[in-house]
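Quick notes on the structure that follows.
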Amino acid sequence: MDINALYNEWLEKADGDPDLRAELESIKGNDDEILDRFYRSLEFGTAGLRGVIGAGTNRMNIYTVGRATQGLSDFLNKNYENPSIAIGYDSRIKSDYFSKEAASILAANGIKVYIYEELEPTPCLSFAIRYFKTSSGIILTASHNPAKYNGYKCYNPKGYQMTDEEAAETYDFIQKVDYFTGIKKVDFDEAVKDGRIEYIGDEVINAFLDEVQKQCINPETVKSADLKVIYTPLNGTGNKPVRAILDRIGIKQVYVVPEQEKPDGNFPTCPFPNPEIKQVFEIGLEMNKKIGADILLATDPDCDRVGIAVPDKSGELVLMSGNEVGAMLLNYILSERKAKGTLPKTAVAVKSFVSTDLAEVIAKKYNCTFKNLLTGFKYIGELITNLESEGRADDFVMGFEESYGYLAGTHARDKDAVVASMLICEMAAFYKSKGMNLVDVMNSLYDEFGYYGNVVESYTFEGAAGMEKMAGIMDTLRAEPPKEIAGLCVTAVSDYKTSETKFTDGKTEAIDLPKSNVLAFALEGGNKVIVRPSGTEPKIKAYITAIGESKEGAAALADKLIEASNEFMK
């Protein structure tokens, strides 16, 4: 591949967006900048596309979005009779622009398009696919990435992200499309007028909220608890639906962080709009000095993740992890549904296998079947769909991932921060009525089930060199797995790429999950280190489980395991 020839072609032909033209002119003669934009085409995986907004084959722009959409159109026309699609978008830079570009291309290819009239959460897109019974879905979002990123996620007719096979077939079509000459397109407004593109109205949003509200377990307690909430949508899509659902269940004291209320893809007060990071709560924490809220809530830009901060007895605010919230929600749902007699005898709960094992112990207490699946909410969506096909959809209780993604109910097949926000606030109100805050609740679970320290360490590797470095780290760990980590013996190595677990006594065991580039090191005492390259970011993540007799002991062991993980990443 001649990168300079590719650059010159774009310089000549990429005139559909003046921002791209200016960027290409500005890097003329700069080999490093040209290489970074053109050394590869954005990969189309099961999460679709994700990358920095800008000019080039390795960037998110109208040409990379257009090429992907033409390939998707060809895939849909091959596999479906009279195909249709739902489209959503968030507050990110050019998300609305890219969504209309995609709609115009799909309509030109004879595909009926349903598109949201304004920005909406990712779970609303999943809901719309099943509401309209479309063949596919697209949402323009980069979830919780920094402002310079955007993305393009593709869904199948079942409402969860494409499977590996579907994505691979779509990618085959995409690769045949020329960026400049291979894309069909019609005028967006004309296609709206003649019905090829149809706006999704309020009735769909209301239907979504109706389904979310059905998951409320203790509505009367919520109304009487007088819960006080500070909420930030982080300049994203959650503002309207989260406030609407909290109002519906009777939580009236909701104070929205004004600087982070309106949609803004620049995220001016939080460069990393990720509810896992303390910085996103800083303005809310300052605001709380006057309000004295019971809970602070933050949803990410596409409102599929939610994080919380809770005051302890001294009034100091504690940020609670995704693992802690997942464990508390599971315990609350199981215990309260059992008390009310609404818990199915064959109830099923599920988490990603890198999330806390505490959830599995809690489920066992309530005789709830528990499943561990690969990271990626599509696997949870697939499990719900399989239950539904067996007439057991109501058996699904809850699914979660440690990265702040939760789902209760079957209205969506992706993580949903709208239903999660509702249930978290309901849970906080319920325990408030009993004189407890969520810090108390979490400590009671630790006292009952043991102290599970769960930490995620992320290691960033940018650019072409970074991709090579990440591959090298995984190759080395695979070829020469450690025999001990932080002084703890490795008792088994699970390689999800080869679908095999090797134990230190020489025994082996097959892994009954789809293949994935993940290595899990089981350590003595139930401790773990799992190493996994991110599917959407230039990062390797180390998921650490440290079990101790006390919270302090678990934290100290976690620190040692982090130090050992740091050595792997050099």
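Residue pairs meeting the salt bridge (Lys or Arg N to Asp or Glu O under 4.0 Å) criterion with at least one partner in residues 333-356, sequence neighbours excluded, are Lys351-Asp357. Screening residues 561-570 for side chain to side chain donor-acceptor pair (under 3.5 Å), with sequence neighbours left out, gives Tyr459-Asn566, Glu567-Lys570. Contacts classified as salt bridge (Lys or Arg N to Asp or Glu O under 4.0 Å) and involving residues 269-285 (residues at least two apart or in different chains) are not found. Applying the salt bridge (Lys or Arg N to Asp or Glu O under 4.0 Å) test to pairs two or more places apart or on separate chains, those with a residue in residues 230-242 are Glu118-Lys240. Applying the salt bridge (Lys or Arg N to Asp or Glu O under 4.0 Å) test to residues at least two apart or on different chains, the pairs with a partner in residues 495-524 are Arg478-Asp495.
A distance of 10.5 Å separates CG of Leu285 from CD of Glu316, quoted to the nearest 0.5 Å. Of the inter-residue distances, the one linking Lys378 atom NZ with Glu166 atom CD reads 9.0 Å to the nearest 0.5 angstrom. Separation of atoms CE (Met328) and CG (Leu445) is listed at 7.5 Å; rounding is to 0.5 Å. The distance from the NZ atom of Lys228 to the CD1 atom of Ile291 is 7.5 Å, given to the nearest 0.5 Å. To the nearest 0.5 Å, the span separating CG on Asp414 from CG on Leu407 amounts to 8.5 Å. Separating the CG atom in Asn331 from the CE atom in Met442 is a distance of 9.0 Å, to the nearest 0.5 Å.
For Lys289, the salt bridge (Lys or Arg N to Asp or Glu O under 4.0 Å) partners at least two apart in sequence or on another chain are Glu286. Every ring-ring contact (aromatic ring centres under 6.0 Å, His included) that Tyr131 has, sequence neighbours left out, goes to Phe127. In this structure, the salt bridge (Lys or Arg N to Asp or Glu O under 4.0 Å) partners of Asp90, at least two apart in sequence or on a different chain, are Arg92. Residues that satisfy the side chain to side chain contact (heavy atoms under 4.5 Å, CB included) test with Lys364, not counting sequence neighbours, are absent from this structure. Qualifying salt bridge (Lys or Arg N to Asp or Glu O under 4.0 Å) partners for Arg392, counting only residues two or more places apart in sequence or in other chains: Glu390, Asp395. With sequence neighbours excluded, the residues satisfying salt bridge (Lys or Arg N to Asp or Glu O under 4.0 Å) with Glu388 are Arg130, Arg413.
For an aromatic pair to be called close, the ring centres must be under 6.0 Å apart, and Tyr155 with Tyr160 fails this. His411 and Phe208 have their aromatic ring centers within a separation under 6.0 angstrom.
Nearest heavy-atom pair, Ser143 versus Asp304, reported as atom, atom and distance to 0.1 Å: OG-OD1, 3.9 Å. Minimum interatomic distance between Ala327 and Leu358 (heavy atoms only, all atoms of both residues): CB-CD2, 3.9 Å. Residues Leu423 and Ala408 share a closest heavy-atom pair of CD1-CB, 3.5 Å. Residue Pro275 comes nearest to Gly307 through the heavy atom pair CB-N, 3.5 Å, listed as atom of the first residue, atom of the second, then distance.
Looking only at distances, no side-chain donor or acceptor of Asn235 sits under 3.5 Å from a matching main-chain atom of Pro263. Between the side chain of Asn454 and the backbone N or O of Asn323 there is no donor-acceptor pair closer than 3.5 Å. Without hydrogens or angle criteria, Tyr231 side chain to Gly238 main chain gives a donor-acceptor distance under 3.5 Å.
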Side chain to side chain contact (heavy atoms under 4.5 Å, CB included) between Arg532 and Asn517, intermediate numbers included: CA-CA 7 Å; Arg532 168 185 168 265; Asn517 187 17; over 6 Å; no
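No more than 12 heavy atoms of other residues, nucleotides or ligands lie within 6.0 Å of NZ in Lys434, so this atom counts as exposed by the packing criterion. Other residues, nucleotides and ligands place no more than 12 heavy atoms under 6.0 Å from the CZ atom of Phe272.
Salt-bridge check for Lys539 with Glu457: failed, with every basic side-chain N at 4.0 Å or more from each acidic carboxylate O.
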Pair up each side-chain donor or acceptor in residues 481-491 with any protein partner under 3.5 Å, not counting sequence neighbours, and list the distances.
{"residue": "Glu484", "atom": "OE1", "partner": "Gly487", "partner atom": "N", "Å": "2.7"}
{"residue": "Thr491", "atom": "OG1", "partner": "Ala522", "partner atom": "O", "Å": "3.2"}

